[in-house]
Amino acid sequence: MASREGFLTEQQREMLKIASQNAEVMSSLSMASSPKSPGPKSPGQNSSLVFEHNHVKAPGGGHSAAGGGVAVRHVRRSHSGKAVRVKKDGAGGKGTWGKLLDTDGESFLDRNDPNYDSGEEPYELVGSTVSDPLDEYKKAVVSLVEEYFSTGDVDVAASDLRELGSSEYHPYFIKRLVSLAMDRNNKEKEMASVLLSALYADVINSAQISQGFFMLLESADDLTVDILDAVDVIALFIARAVVDDILPPAFITKARRLLPESSKGFQVLQTAEKSYLSAPHHAELVERRWGGSTHCTADEVKKKIADLLREYVESGDTSEACRCIRQLGVSFFHHEVVKRALVIAMENQSAESLILNLLKEAAEEGLISSSQMAKGFSRLAESLDDLALDIPSAKKKFQFLVPRAISEGWLDASFVKSSADEGVGPDENDEKLRRYKKEVVSIIHEYFHSDDIPELIRSLEDLGMPEYNPVFLKKLITLAMDRKNREKEMASVLLSALHIEIFTTEDMVSGFVMLLESAEDTALDIIDASNELAFFLARAVIDDVLAPLNLEEITNLLPPKCSGSETVRMARSLIAARHAGERILRCWGGGTGWAVEDAKDKIQKLLEEYESGGVVSEACQCIRDLGMPFFNHEVVKKALVMAMEKKNDRMLELLQECFGEGLITINQMTKGFNRIKDSLDDLALDIPNAKDKFTFYVEHAKKHGWLLQSFV
């Protein structure tokens, strides 16, 4: 037998011979039957028949044909028995070997081939992820919240959220903010609540807040897996939102209907309602649960500074003292460190070198900036007269410290020049103003102790310096800002009482302008001065001490690039918020502020009762029972408006009786008439003949002696 490599076997030779014979027969038949075929078929066609032979079985037993006469056995047929024409060029179908040049091996492109064409490369589908806007929002929100927890800057957080857009995703922001705060300390929980209150109405609306908290309730089951006390913490967040008036109390009832009783969210609502919102004094309890305000008060920071400086003098560890200063996190308040350190150096001669070394080290490390260092020296220079009472050599020591600090490079040399240039203004040299300020401070301190408004008004009248009324307003609010919420509330109530009694609207505007112009200096001693001033402005508008248009007037009177303009903008935002009146009235805990608001309601009711047939003596007794003689101008105003609306002069009889009994003074009468005069344009929209009526009432009051003849 021949070798298998390179030679055909006998059987293969026989099969090739038969295929050649069949090819000749088929070729002759094709030429005979097709007139269009001028010549013999191409070799490619014949070769295709050679390949067909191997796949056609004999009809009998399936053996290959041995003879050359039965050509039909080698014609390709379908399963139905019909003849199938061979493809052009002999290209194969199913069960054939294909064309002559076809290969069974996998073809591939060689990039090193000179004839390589990148266009022949097979296409490859590359998968790409379609970005989801919510996913992008989630990532941005986490970054925003983390930054807020680090800086505590509410304004920046609100601005970033506003720039982020996608307001439809704000409910998710609420859920994410609270869930991130839950896994942190009480400080972050308090910060989250403060931020939600700040964003309410200005950035996030009420419906979005409700939706965000409901999403949080739905995920309570998942949150309890990682946070063991999740039920209690979420309940406290919801209670805090209700207390802060950003979530309606009805939310708990509505949400309970939508949650299954077996869910953790349902337990959260029960805990919020029974453990927090139903408890006595629940508002105070909830607000202080996480430690109250996120902002350290000026007094707290000052105490920490005093403690760390005392420890430093005892230990002499400069690096530890610098670490403590850095840990305070109040770089804008480092001037207090400088001032207190210098005072210690003056008081304790042995500690002088240590203190100066600390200040030098802090300056060289960049811990205390040059501007903060200069501010500290400036503040000490301003208080040298007072210091001299306790440290007789204070001025001499200060004059020694300044050149030394400049020569050692930790105090800017420009400090000496700026101190000389600033000098003291002509108003400060005015002995009359100095005496007024001194008297005013005593009067304000006495008022904070006694809460006696009539006595304060008498004291101011005895001073007889109405031209300095704006100075009094500035001093009152400045002193109140450095005290507790009680004094801040008392200051706002006092402004309402003083308005027009002895202060005009112009006095109020001028006083607030002076206050805002010195806001940066005030912030040196009071960390949160800007926010506090915004609340005082907003409260003045709510109490009718200022009109909304007065805020624009104040802005126009401020110098360019004054930080006070931003404070006025904040006040406008507070006033524009939903339920602004209630929120601002209780911004410092209510207290006497509610008394003023309640008095307005009581005055309205007693006048309505009198107008419907009441007795004059009884109405006078009700006014007397209010116990707010400084607020009787409100009686005059409401009585005159009611007389205009009802077209009934019966109210004039009541005012006559009140004046005759001395219940309402001529000052209060004048104030009430002035308030009507200021609001005539607004009144004319509802009462077309308001101006004519007012003119008649003025003449009537002058005739009966309620008003001075000089009233215009």
Side-chain angles (χ1 to χ4, degrees), residues 298-318 321-322 324-325 328 330 333-363 367-425 428-429 431 433-435 437-439 441-442 445 475 478-479 482-483 521-526:
D299 289 338
E300 290 172 348
V301 177
K302 289 176 181 178
K303 184 176 182 302
K304 290 179 180 179
I305 291 171
D307 290 342
L308 76 87
L309 288 174
R310 185 180 64 254
E311 291 178 9
Y312 168 68
V313 170
E314 293 174 357
S315 66
D317 191 339
T318 306
C322 288
C324 291
I325 295 171
L328 285 175
V330 286
F333 206 57
H334 283 167
H335 56 82
E336 180 70 18
V337 177
V338 178
K339 178 187 173 185
R340 286 183 176 268
L342 292 174
V343 170
I344 291 174
M346 291 180 177
E347 291 175 335
N348 187 354
Q349 186 69 31
S350 61
E352 181 180 314
S353 60
L354 280 173
I355 291 295
L356 297 182
N357 185 45
L358 173 63
L359 293 177
K360 181 181 178 182
E361 185 72 20
L367 179 59
I368 299 180
S369 66
S370 58
S371 61
Q372 289 290 313
M373 191 69 74
K375 282 182 182 179
F377 271 86
S378 295
R379 291 184 61 205
L380 185 63
E382 291 170 0
S383 60
L384 281 176
D385 291 334
D386 295 331
L387 273 175
L389 299 176
D390 299 319
I391 310 172
S393 60
K395 292 183 179 180
K396 184 177 179 181
K397 288 185 176 181
F398 182 75
Q399 292 171 356
F400 164 75
L401 290 173
V402 170
R404 178 174 175 179
I406 293 173
S407 64
E408 293 181 358
W410 48 276
L411 178 64
D412 198 304
S414 61
F415 170 77
V416 177
K417 184 177 183 300
S418 62
S419 299
D421 290 343
E422 284 175 6
V424 181
E428 293 294 328
N429 289 326
E431 185 59 33
L433 180 58
R434 285 180 179 274
R435 183 168 59 85
K437 286 183 176 181
K438 185 176 180 181
E439 292 289 341
V441 170
S442 300
H445 284 159
K475 204 68 177 175
T478 302
L479 291 172
D482 202 23
R483 290 175 170 251
D521 294 333
T522 306
L524 297 177
D525 295 314
I526 302 165

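Excluded from the calculations below are hydrogen atoms, water molecules and symmetry mates; all remaining heavy atoms, backbone and side chain alike, are included. Note that the structure is predicted; figures quoted are calculated from it, not measured. For the single chain, residues carry numbers from 1 onward in sequence order.
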Which residue pairs pass the ring-ring contact (aromatic ring centres under 6.0 Å, His included) test with at least one member in residues 374-394, sequence neighbours excluded?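 Those involving residues 374-394 are Phe377-Phe415.
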Measure the [atom1]-[atom2] distance between [X] and [Y] for me, rounded to the nearest 0.5 Å.
X      : Y      : atom1 : atom2 : result
Ile391 : Glu347 : CD1   : CD    : 4.5 Å
Lys339 : Ser378 : NZ    : OG    : 11.5 Å
Ile305 : Cys324 : CD1   : SG    : 11.5 Å
Ile406 : Leu411 : CD1   : CG    : 5.0 Å
Lys360 : Arg404 : NZ    : CZ    : 8.5 Å
Lys438 : Arg435 : NZ    : CZ    : 10.5 Å

Set of residues satisfying side-chain contact (heavy atoms from CB on, under 4.5 Å) with respect to [X], sequence neighbours excluded:
X      : value
Glu361 : Thr318, Cys322, Glu364, Glu365
Ser370 : none
Lys396 : none

Please report the shortest heavy-atom distance between His334 and Gln372, naming the atom on each side.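 The pair with the smallest heavy-atom distance is N-OE1, 3.1 Å.
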Looking only at non-hydrogen atoms, find the nearest pair between Met346 and Lys397 and report the distance.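 Smallest heavy-atom distance, with atoms named: O-NZ, 2.7 Å.
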With sequence neighbours excluded, residues passing salt bridge (Lys or Arg N to Asp or Glu O under 4.0 Å) with Asp307: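 Here the qualifying residues are Lys303, Arg310.
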Within the 4.5 Å heavy-atom criterion, are [X] and [Y] side-chain neighbours or not?
X      : Y      : value
Glu311 : Asp317 : no
Lys475 : Val441 : yes
Leu479 : His445 : yes

What pairs of donor and acceptor atoms, side-chain ones from residues 351-359 against any protein atom, are under 3.5 angstrom apart with sequence neighbours left out?
from, atom 1, to, atom 2, distance (Å)
Glu352, OE1, Gln349, NE2, 3.3

